[in-house]
Amino acid sequence: MAEQASINLGLEGVYFDESMICKVDGVEGKLYYRGYPIEALAEHSNFEEVSYLLLYGKLPTKPELESFSSLLSSNREIEPQVLEYIKTMAGKSHAMHVLRTAISMEASLDKQADEATPEANLLKSSRLIAKTGSIVAAIGRLSMGAKYVEPDKSLGHAENFLHMLQGEKPEPEKAKMLDLMMVLHAEHSSNASTFSTIVTGSTLSDLYSAAVSGIGTLKGPLHGGADERALKMLYDIGKPENTESYINGILSSKERVMGFGHRVYKTYDPRARIIKKYLTKIQSDSTEEVQNLASIALAAEKMMVERLGKSHNIWPNVDFFSGPVYRHIGIPIEIFTPLFAVSRMPGWCAHMLEYWGNNRLIRPLDYYKGPLDLKYVPIEQR
């Protein structure tokens, strides 16, 4: 009897483990971090507190949060060798290439890199969260030809990122908006980059190597690079009045409208719903460029929801609205994806720490369908 196999392309619908970190309800459009609804965290929390929640499994007390925030701020310094590399390569190579190599270099300079105790891995997680923010801000600033800005320990994580990127203390409203975006991107269950992080870590490799795997996976346009492509589409549309004809052209050619549809959500992405509120605000309170982008995005969203929402379960995802908000904050498009890595680092680390608690090497099967028992022909007779 022929061997039978059930194939789930892209591992769609396959559970590979249990987790206490994140719940993505694609039917109801709900997202939970450690049981807390994303809406509550977006309204009341901040990135440092969410990072603590993901890593430690509970909301911190005030002293615990102060201690954790201090730990992050004390680990923001970029090692001199790493900074020299960034200065050499920023603006000359894709920012994700620079980030990936910089994190690998940080690993080689961390004396605890191969120390596998839970305590060491928690400390390395805080270093990765802190240093990734500084590295990406440095990449962005040096890519613009500006002078490197040292991290400021007195600032919060989002504030310091903008300070290092833009060379001045940011407006509170924009720092708060970036903090929100980082909270919304901090975790999302076993997405592609998180899964690749876990695959690497399941070999009992080190936390830095696992994070580098996540960065490499995030670079792809179907994952972390999606918000860049969505924003480029808005720029291509040009004006709000061009939206309908442009979208109709994409749909008639059966191409994908970037920023719409999701592998898990079959309704409105709850993160996109939160960002939309801010998009409506900046539509009338930003630069002319950003106001135009916001108007185009809202026009496209209205059209797509009416056309394909309930009928085809194609709704806006978090990538669609992110671009105009980032541009309002002053984030260059070239570091959208690296900024995603800054935001997602707590989630990657949390999943890795959890998985190591009951580690099993990930080794799936693929179903072989080629020929067998072929006769080997010596090279002289071929």
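Numbers here simply count residues along the sequence, with the first being 1.
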* Between K239 and N242: side-chain donor-acceptor atoms closer than 3.5 Å -> no
* Write out all pairs satisfying salt bridge (Lys or Arg N to Asp or Glu O under 4.0 Å) with one or both partners inside residues 174-197, taking only residues at least two apart or from two chains. => E171-K174
* **I129 vs N75 side-chain heavy atoms within contact, under 4.5 Å** => no
* Asked: Would you say the side-chain atoms of S143 pair up with the backbone N or O of G91, donor to acceptor, closer than 3.5 Å?
  -> yes
* Asked: So, for L55 and C349, which heavy atoms are closest and what is the spacing to 0.1 Å?
  -> CD2-CB, 3.9 Å
* Is a side-chain donor or acceptor of R327 paired with a backbone partner of V290 at a separation under 3.5 angstrom? -> no
* E106/I78 under side chain to side chain contact (heavy atoms under 4.5 Å, CB included): CA gap, chis, key distance, verdict -> CA-CA 8 Å; E106 287 286 352; I78 303 173; 3.9 Å; yes
* Side-chain donor-acceptor contact under 3.5 Å, E77 with S134 -> no
* Can you tell me how far the CG atom of L231 sits from the CD1 atom of I333, to the nearest 0.5 Å? -> 4.5 Å
* To do: Applying side chain to side chain contact (heavy atoms under 4.5 Å, CB included), run through K276 and E301 and close with a yes or a no.
  => CA-CA 10 Å; K276 183 183 175 183; E301 181 261 359; 3.1 Å; yes
* **Test side chain to side chain donor-acceptor pair (under 3.5 Å) applied to S193 and T217, step by step** => CA-CA 5 Å; S193 58; T217 306; over 6 Å; no
* Check against ring pair (Phe, Tyr, Trp, His ring centres under 6.0 Å), F195 and F16 -> CA-CA 10 Å; F195 184 66; F16 75 96; 5.0 Å; yes
* K302 atom NZ, neighbour heavy-atom count above 12 within 6.0 Å -> no
* **Intermediate values then yes/no, side chain to side chain donor-acceptor pair (under 3.5 Å), T194 and N191** => CA-CA 5 Å; T194 299; N191 52 84; 3.1 Å; yes
* Asked: Just by distance, do the side chain of H262 and the backbone of V264 share a donor-acceptor pair under 3.5 Å?
  -> yes
* Asked: Under a 4.5 Å cut-off applied to non-hydrogen side-chain atoms, are S51 and F47 in contact?
  -> yes
* **ring-ring contact (aromatic ring centres under 6.0 Å, His included), paired with H188, selected from W348, Y265, F340, Y33** => Y265
* Asked: When you measure from the side chain of S202 to the backbone N and O of I362, does any donor-acceptor pair fall under 3.5 Å?
  -> yes
* Look only at the side chain of T243 and the backbone of P240, and say whether a donor-acceptor pair between them is shorter than 3.5 Å. => yes
* **Common cluster, V149/I331, ILVMFWY with side-chain heavy-atom separation under 4.5 Å** => no
* Asked: Checking side chain to side chain contact (heavy atoms under 4.5 Å, CB included) for the pair F320/D227: CA distance, chi angles, key distance, verdict?
  -> CA-CA 6 Å; F320 184 65; D227 52 7; over 6 Å; no
* Work out which heavy atom in A42 is nearest to a heavy atom in I274; give both atom names and the distance. => CB-CD1, 4.0 Å
* Structure fact -> dist H157:NE2 -> E48:CD (nearest 0.5 Å) comes out at 7.0 Å
* Distance-minimising heavy-atom pair for K310 and W315 -> N-CZ2, 3.5 Å
* Asked: Taking atom types as modelled and ignoring hydrogens, do the side chains of Q283 and S295 form a donor-acceptor contact shorter than 3.5 angstrom?
  -> yes
* Among residues two or more places apart or on two chains, list those pairs meeting salt bridge (Lys or Arg N to Asp or Glu O under 4.0 Å) that have a residue in residues 248-266. => E12-R263
* Asked: Would K281 and D285 pass as an ion pair if we require N to O under 4.0 Å?
  -> yes
* **Contact summary for V212 and R100, nearest pair of heavy atoms** => CG1-CG, 3.5 Å
* Measure the acute angle between the ring planes of Y326 and H185, then classify it against the limits of 30° and 60° as parallel, tilted or perpendicular. => tilted
* Going from CZ on F68 to OG1 on T61, what distance comes out if it is rounded to the nearest 0.5 angstrom? -> 13.0 Å
* To do: Report yes or no: do E228 and T337 form a side-chain donor-acceptor pair below 3.5 Å?
  => yes
* Can you tell me how far CD1 of I103 sits from CD1 of I215, rounded to the nearest 0.5 angstrom? -> 5.0 Å
* To do: To the nearest 0.5 Å, tell me how far E64 CD sits from Y52 OH.
  => 3.5 Å
* To do: Taking S93 for its side chain and M89 for its backbone only, find out whether a donor-acceptor pair lies under 3.5 Å.
  => no
* Asked: Got K23 and K30 here, is their nearest side-chain heavy-atom distance under 4.5 Å?
  -> no
* **N317 (side chain) donor-acceptor with G261 (main chain) under 3.5 angstrom** => yes
* Asked: Under 3.5 Å, is there a donor-acceptor pair between the side chain of T132 and the main chain of L128?
  -> yes
* To do: Could you check I329, L279, N292, L298 and say which one makes a side-chain contact (heavy atoms from CB on, under 4.5 Å) with P324?
  => L279
* Do we see a donor-acceptor contact under 3.5 Å between the side chains of D319 and S322? -> no
* Does a side-chain heavy-atom distance below 4.5 Å link L353 with P118? -> no
* Do M182 and V50 touch side chain to side chain, with heavy atoms closer than 4.5 Å? -> no
* Asked: Taking the side chain from Y268 and the backbone from V305, do they hold a donor-acceptor pair closer than 3.5 Å?
  -> no
* To do: Keeping the roles fixed (side chain from K124, backbone from Y208), state whether a donor-acceptor pair exists under 3.5 Å.
  => no
* Asked: Y148 versus L142: any side-chain heavy-atom pair under 4.5 Å?
  -> yes
* Salt bridge D110-R127, side-chain N to carboxylate O under 4.0 Å -> yes
* Evaluate whether atom CG of N358 has more than 12 neighbouring non-hydrogen atoms of other residues, nucleotides or ligands under 6.0 angstrom away. => no
* Do the charged groups of R76 and E150 touch, with an N to O distance under 4.0 Å? -> no
* Check the pair E354, S19 against side chain to side chain donor-acceptor pair (under 3.5 Å), reporting the backbone distance first and the verdict last. => CA-CA 8 Å; E354 180 185 61; S19 177; 2.7 Å; yes
* **Evaluation steps, side chain to side chain contact (heavy atoms under 4.5 Å, CB included), between L65 and L59** => CA-CA 9 Å; L65 180 57; L59 287 173; over 6 Å; no
* State, yes or no, whether a side-chain contact exists between L53 and L41 at a heavy-atom distance under 4.5 Å. => yes
* Side-chain heavy atoms under 4.5 angstrom apart, residues restricted to Ile, Leu, Val, Met, Phe, Trp, Tyr: same cluster for M181 and Y36? -> yes
* Derivation and outcome, side chain to side chain donor-acceptor pair (under 3.5 Å), residues E39 and H44 -> CA-CA 9 Å; E39 293 82 2; H44 302 294; over 6 Å; no
* Asked: Are side-chain N/O atoms of Y235 and E289 paired as donor and acceptor at under 3.5 Å?
  -> yes
* Asked: How far apart are the closest heavy atoms of V325 and F321, and which atoms are they?
  -> CG2-O, 3.6 Å
* Would you say Q291 and I282 make side-chain contact, with heavy atoms under 4.5 Å? -> no
